[in-house]
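Read the structure below first, then the notes.
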Amino acid sequence: MNAFSITDIGEERDTNQDYVFCSETPIGKLPNLFIVADGMGGHNAGDYASKFCVEFFKKQIMVSDLESPIAMIDVALNATNEGLRNIAKEQTEFEGMGTTFVVATIIDNLMYVANVGDSRLYVIDDDIRQITEDHSLVEAMVKKGEIDRCSAKVHPNKNIITRAVGVNETVEADFFEVDLKEGDTVLICSDGLTNMIDDEDIREIITKNDNLELAANKLVSRANDNGGKDNIAIIIIKV
């Protein structure tokens, strides 16, 4: 397994509220750990939220004595949610902050995934499959048949998310178990990438560039060339 991670401020933002963690080596009982978080909140609250949650979550994993990866992630995520909310209560300038959160670990050829918000995880081979489901207003509208998928990409409320770490007393994550095969590529990213590049273009850039660092930098460049309206976070994992 090889992995590479990168974040970029984009073309229009003054601060980078995206934060990543990428480890191919063990973190606690997990053999590897990959996280993308996209923070939200005024002033510096968004970048504080994403960094705090990733680092706090990582510490929870390091000390966990649970055996099940899903249970380990679930407990750590709930503790992280509580930890961020406690900070917001103590410091009024951080009130209302939160973050998306996608976390994955790969054990043998099985990947365990949890997500909150609209950052995404894909599996790419000859096709590109979005594993996570966006917790967003426009995704709910698509499910109800109120708008189509194409309209969702340009909808003025596309950045409104319906779930985030730190916003409510409890955090509700979706969990997935994904079978991987040799040669698969996993992409974890924030919406600063997916709002700027179509899925098929993402697949093409990744499949045409075996070097993960080169592929990631080309994705960032393409997103910025297309407007770079948000921060960009990327982790690419080659199985």
Side-chain angles (χ1 to χ4, degrees), residues 1-24 32-58 97-104 113 115-124 128 130-132 134-136 153-154 158-161 164-166 185-238:
M1 179 194 306
N2 295 312
F4 180 79
S5 65
I6 188 172
T7 65
D8 188 84
I9 196 169
E11 295 295 307
E12 295 191 2
R13 296 298 177 94
D14 296 325
T15 58
N16 191 348
Q17 297 186 332
D18 288 0
Y19 195 80
V20 301
F21 179 76
C22 178
S23 177
E24 302 165 58
N32 46 69
L33 188 63
F34 309 99
I35 309 170
V36 164
D38 178 0
M40 60 183 193
H43 305 292
N44 295 322
D47 54 346
Y48 182 91
S50 58
K51 181 177 182 179
F52 172 88
C53 286
V54 171
E55 296 298 329
F56 190 95
F57 178 90
K58 182 178 68 172
M97 67 178 170
T99 185
T100 71
F101 205 87
V102 180
V103 54
V113 181
N115 89 287
V116 182
D118 64 352
S119 296
R120 295 178 178 178
L121 183 145
Y122 294 89
V123 174
I124 300 167
I128 180 168
Q130 182 180 337
I131 302 302
T132 55
D134 294 354
H135 303 138
S136 66
K153 289 189 71 68
V154 296
K158 67 182 179 180
N159 292 324
I160 297 177
I161 59 176
V165 179
T185 302
V186 176
L187 169 67
I188 313 174
C189 60
S190 63
D191 66 345
L193 180 71
T194 53
N195 283 340
M196 294 291 103
I197 312 179
D198 291 337
D199 285 5
E200 185 53 37
D201 290 336
I202 291 173
R203 185 199 68 80
E204 183 178 1
I205 289 170
I206 287 178
T207 55
K208 286 186 175 180
N209 294 278
D210 289 335
N211 182 292
L212 301 188
E213 182 175 357
L214 181 60
N217 280 306
K218 285 192 173 185
L219 288 172
V220 168
S221 294
R222 180 73 63 85
N224 284 329
D225 288 345
N226 290 347
K229 294 182 179 180
D230 201 353
N231 309 141
I232 304 157
I234 294 170
I235 299 176
I236 305 178
I237 309 158
K238 189 74 172 180

Drop me the distance from [X]'s [atom1] to [Y]'s [atom2], to the nearest 0.5 angstrom.
X: Ser190; Y: Ile234; atom1: OG; atom2: CD1; value: 7.5 Å
X: Ile236; Y: Ser5; atom1: CD1; atom2: OG; value: 10.0 Å
X: Arg120; Y: Asp134; atom1: CZ; atom2: CG; value: 4.0 Å
X: Ile124; Y: Ile205; atom1: CD1; atom2: CD1; value: 10.0 Å
X: Glu11; Y: Asp225; atom1: CD; atom2: CG; value: 8.0 Å
X: Asn231; Y: Asp8; atom1: CG; atom2: CG; value: 8.0 Å

- [ ] Give the C-alpha distance, both sets of side-chain angles, the deciding distance and a yes or no for side-chain contact (heavy atoms from CB on, under 4.5 Å) between Val102 and Ile35.
- [x] CA-CA 6 Å; Val102 180; Ile35 309 170; over 6 Å; no
TODO: Check step by step if side-chain contact (heavy atoms from CB on, under 4.5 Å) holds for Val220 and Asn224.
DONE: CA-CA 6 Å; Val220 168; Asn224 284 329; 3.6 Å; yes
Does any non-hydrogen side-chain atom of [Y] lie less than 4.5 Å from one of [X]?
X: Asp191; Y: Asp230; result: yes
X: Ile197; Y: Asn226; result: yes
X: Tyr122; Y: Cys189; result: yes
X: Phe101; Y: Cys53; result: yes
X: Ile235; Y: Leu187; result: no
X: Leu219; Y: Ile206; result: yes
X: Ser23; Y: Asn32; result: no
X: Asp18; Y: Val36; result: no

Do you know the tightest heavy-atom contact between [X] and [Y]?
X: Ala104; Y: Leu121; answer: CB-CD1, 3.8 Å
X: Arg13; Y: Lys229; answer: NE-O, 3.4 Å
X: Ala49; Y: Met97; answer: CB-SD, 4.0 Å
X: Asn115; Y: Gly117; answer: ND2-O, 3.5 Å
X: Ser136; Y: Asp118; answer: CB-CB, 4.5 Å
X: Ala3; Y: Cys22; answer: CB-SG, 3.7 Å

Open item on the list: Walk me through whether Asn217 and Leu214 qualify under side-chain contact (heavy atoms from CB on, under 4.5 Å).
Closed with: CA-CA 5 Å; Asn217 280 306; Leu214 181 60; 5.5 Å; no
Open item on the list: Does Asn211, at its CG atom, have more than 12 non-hydrogen atoms belonging to other residues, nucleotides or ligands within less than 6.0 Å?
Closed with: yes
TODO: Would you kindly say whether Asp38 and Tyr19 are connected by a side-chain donor-acceptor distance under 3.5 Å?
DONE: no
Task: Modelled atom types, side-chain donor and acceptor of Asn209 and Lys218, under 3.5 Å - done: yes
Open item on the list: Using the side chain to side chain donor-acceptor pair (under 3.5 Å) definition, which of the options Thr194, Thr132, Thr100 pairs with Ser119?
Closed with: Thr100
Task: Sole residue of Asn2, Thr185, Asp210 in side chain to side chain donor-acceptor pair (under 3.5 Å) with Lys238 - done: Thr185
